[in-house]
K.L.:
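Quick one: this structure, given as structure tokens, is what I'll be asking you about.
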Amino acid sequence: MQPNAQKTTATVLQVGPMPPFVEGPLHEEFNVLRLPDAEVEKFLATNSGQVGVVVTTSVTGVDAHLMRALPELRAIVNFGVGFDKIDVHTADELGVVVSNTPDVLTDCVADMAVGLLIDVARGISASDRFVRRGDWLQGSYPLGTRVSGKRVGILGLGRIGLAIAARLEAFGTTVAYHGRRRVADVTYPWHESLTDLAENSDFLIVAVASNSATAGIVSAEVLEALGPKGYLINISRGAVVDEAALVDALVQQRIAGAGLDVFAHEPYVPQELLNLDNVVLAPHTGSATAETRQDMADLFLTNLRQFVNEGTLSTPIS
Ligand SMILES: NC(=O)C1=CN([C@@H]2O[C@H](COP(=O)(O)OP(=O)(O)OC[C@H]3O[C@@H](n4cnc5c(N)ncnc54)[C@H](O)[C@@H]3O)[C@@H](O)[C@H]2O)C=CC1
Ligand SMILES: O=CC(=O)O
């Protein structure tokens, strides 16, 4: 989507909670209204005509109904990379431009993916619990799985997928990937079929964007192909994986384990996963370091200032 909106000095509407280090400067510099949790229609009846920009996060997003209720809306400025909760088709149709916060979080999310992978393969979190329970006094912890030299498959070789690949190459792994098409300038083998990639991977890492085309693409069949020695790592979105099939595969040990930062219905995590030692669970903290969240805040504010002052966005979604 290209920025094509006109310069606006209109009111900014905040949709959903934002971290304090974002909210502080936001409310200092801009005339901000906050969308209430209740009596939304009443709020819109009074205020909709003055809103030129909506600010939100990847957790909350903006639906078509809200966009259509804001006749002066020209831009949506998002804190976060994923825009799966923003109805971008409606935004496009209405001529509303959208920005996100790419690149600045890539390293931390890639670090998290590698952390989850090593954790689940070597049982770091599970063996921590083993030590704390005093179980070491009764005997040794079971053997883990070697990471170095293994076969890594990456679903979605975008910014984060590439950063994961670069890290894992240093472990002597071989990297292959699946996406809609081959990525230019990389030598990693491309698998046209995700099932084929899974069949040829020890670790399948999900780093793809979540959209209608990728919903549930990590299916029961893909998990079956990954097999009883294979691990799934997901730092993308829960919606990309058939979560019921994943739970089933883990409970029945049809895959070896999983490292999950994201879930289908956050913050709810399937009950069945809570007692499995071959699953590492993280509360969607891929980008959650002080440094990265500050960088995201800075980029979010750069987009907002640039749009309000010049009518363009620094990092529009493409
Ligand atoms: N766990 C966390 O805290 C975070 C998670 N994310 C997630 O990671 C995702 C990727 O982020 P980036 O690498 O920065 O985005 P990106 O846009 O650079 O990469 C997305 C990749 O998905 C691929 N893709 C899109 N639609 C596809 C389809 N239908 N079939 C196959 N491949 C498709 C693209 O070709 C691209 O390779 C985000 O969309 C977001 O959902 C992002 C930041 C933090
Ligand atoms: O999940 C987080 C994001 O930035 O997207």
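Ligands are counted one by one from 1 in listed order, and the atoms in each one are counted from 1 as well. Position 1 is the first residue of the sequence, and the numbers go up from there.
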K.L.:
Using a 6.0 Å cut-off, check whether atom CZ of Arg133 has over 12 heavy atoms from anything other than its own residue.
P.N.:
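More than 12 within 6.0 Å, yes.
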
K.L.:
Heavy-atom contacts under 4.0 Å between Ala207 and ligand 1: side chain, backbone, both, or neither?
P.N.:
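Near ligand 1, Ala207 shows its backbone, while the atoms from C-beta on stay back.
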
K.L.:
Got a salt bridge between Glu93 and Arg68, using NZ or NE/NH1/NH2 to carboxylate O under 4.0 Å?
P.N.:
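Yes, charged N to carboxylate O under 4.0 Å.
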
K.L.:
Taking side chain to side chain donor-acceptor pair (under 3.5 Å) as the cut-off, I'd like each qualifying pair that reaches into residues 268-277, sequence neighbours left out, listed once.
P.N.:
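The answer is Arg129-Asp277.
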
K.L.:
Considering distance alone, does some N or O of Thr285 sit under 3.5 Å from an N or O of ligand 1?
P.N.:
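Between Thr285 and ligand 1, no N or O pair is found under 3.5 Å apart.
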
K.L.:
Against heavy atoms of Ala213, which atoms of ligand 1 measure under 4.0 Å?
P.N.:
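Near Ala213, the atoms of ligand 1 are 29 (N).
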
K.L.:
Under 4.0 Å between a Lys/Arg side-chain N and an Asp/Glu carboxylate O for Arg74 and Glu72?
P.N.:
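A salt bridge is present here (some side-chain N lies under 4.0 Å from a carboxylate O).
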
K.L.:
Do any pairs count as a ring-ring contact (aromatic ring centres under 6.0 Å, His included) and have a residue in residues 22-74, sequence neighbours left out, and if so which ones?
P.N.:
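Sorted result for residues 22-74: empty, none.
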
K.L.:
Examine Gly158 against ligand 1 and note whether any of their N/O atoms are separated by less than 3.5 Å.
P.N.:
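Indeed, backbone or side chain, Gly158 has an N or O that close.
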
K.L.:
Just distances here: any N/O of Leu105 and N/O of ligand 1 closer than 3.5 Å?
P.N.:
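Checking ligand 1 against Leu105, no N or O pair falls under 3.5 Å apart.
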
K.L.:
Determine whether more than 12 heavy atoms belonging to other residues, nucleotides or ligands lie under 6.0 Å from atom CG of Leu143.
P.N.:
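No.
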
K.L.:
Does Trp136 have more than 12 heavy atoms from other residues, nucleotides or ligands lying within 6.0 Å of its CH2?
P.N.:
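Result for CH2/Trp136: open.
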
K.L.:
Write out the protein residues near ligand 2, meaning a non-hydrogen atom under 4.0 Å from one of its atoms, in order of chain and number.
P.N.:
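Around ligand 2, where the cutoff is 4.0 Å for heavy atoms, the contacting residues are Ser58, Gly80, Val81, Gly82, Leu105, Arg237, His284.
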
K.L.:
Taking distance alone, with no angle check, do Thr214 and ligand 1 share an N/O pair under 3.5 Å?
P.N.:
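No - when backbone and side-chain N and O of Thr214 are compared with those of ligand 1, no distance drops under 3.5 Å.
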
K.L.:
Should the proximity of Arg180 to ligand 1, defined as any heavy atom under 4.0 Å, be assigned to the side chain, the backbone, both, or neither?
P.N.:
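The part of Arg180 near ligand 1 is both the backbone and the side chain.
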
K.L.:
Looking only at distances, please establish whether an N/O atom of ligand 1 is found under 3.5 Å from an N/O atom of His178.
P.N.:
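No - when backbone and side-chain N and O of His178 are compared with those of ligand 1, no distance drops under 3.5 Å.
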
K.L.:
Non-hydrogen atoms of Ser236 versus ligand 1: any pair closer than 4.0 Å?
P.N.:
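It does; at least one heavy atom falls under 4.0 Å.
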
K.L.:
Looking only at distances, please establish whether an N/O atom of ligand 1 is found under 3.5 Å from an N/O atom of Ile160.
P.N.:
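Ile160 vs ligand 1: N/O contact under 3.5 Å present.
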
K.L.:
Specify side chain, backbone, both or neither for Asp261, according to which of its non-hydrogen atoms lie closer than 4.0 Å to ligand 1.
P.N.:
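Within the 4.0 Å criterion, Asp261 contacts ligand 1 through side-chain atoms alone.
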
K.L.:
What residues, two or more places apart in sequence or in another chain, satisfy ring-ring contact (aromatic ring centres under 6.0 Å, His included) together with Tyr141?
P.N.:
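Partners of Tyr141 by the ring-ring contact (aromatic ring centres under 6.0 Å, His included) criterion, ordered by chain and then number, come out as Phe130.
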
K.L.:
Looking at ligand 1, does any of its N/O atoms fall within less than 3.5 Å of an N/O of Ile235?
P.N.:
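N/O-N/O distance under 3.5 Å: yes.
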
K.L.:
Numbering the atoms of ligand 1 from 1, which are under 4.0 Å from a heavy atom of His284?
P.N.:
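Counting from 1, the qualifying ligand atoms are 1 (N), 2 (C), 3 (O).
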
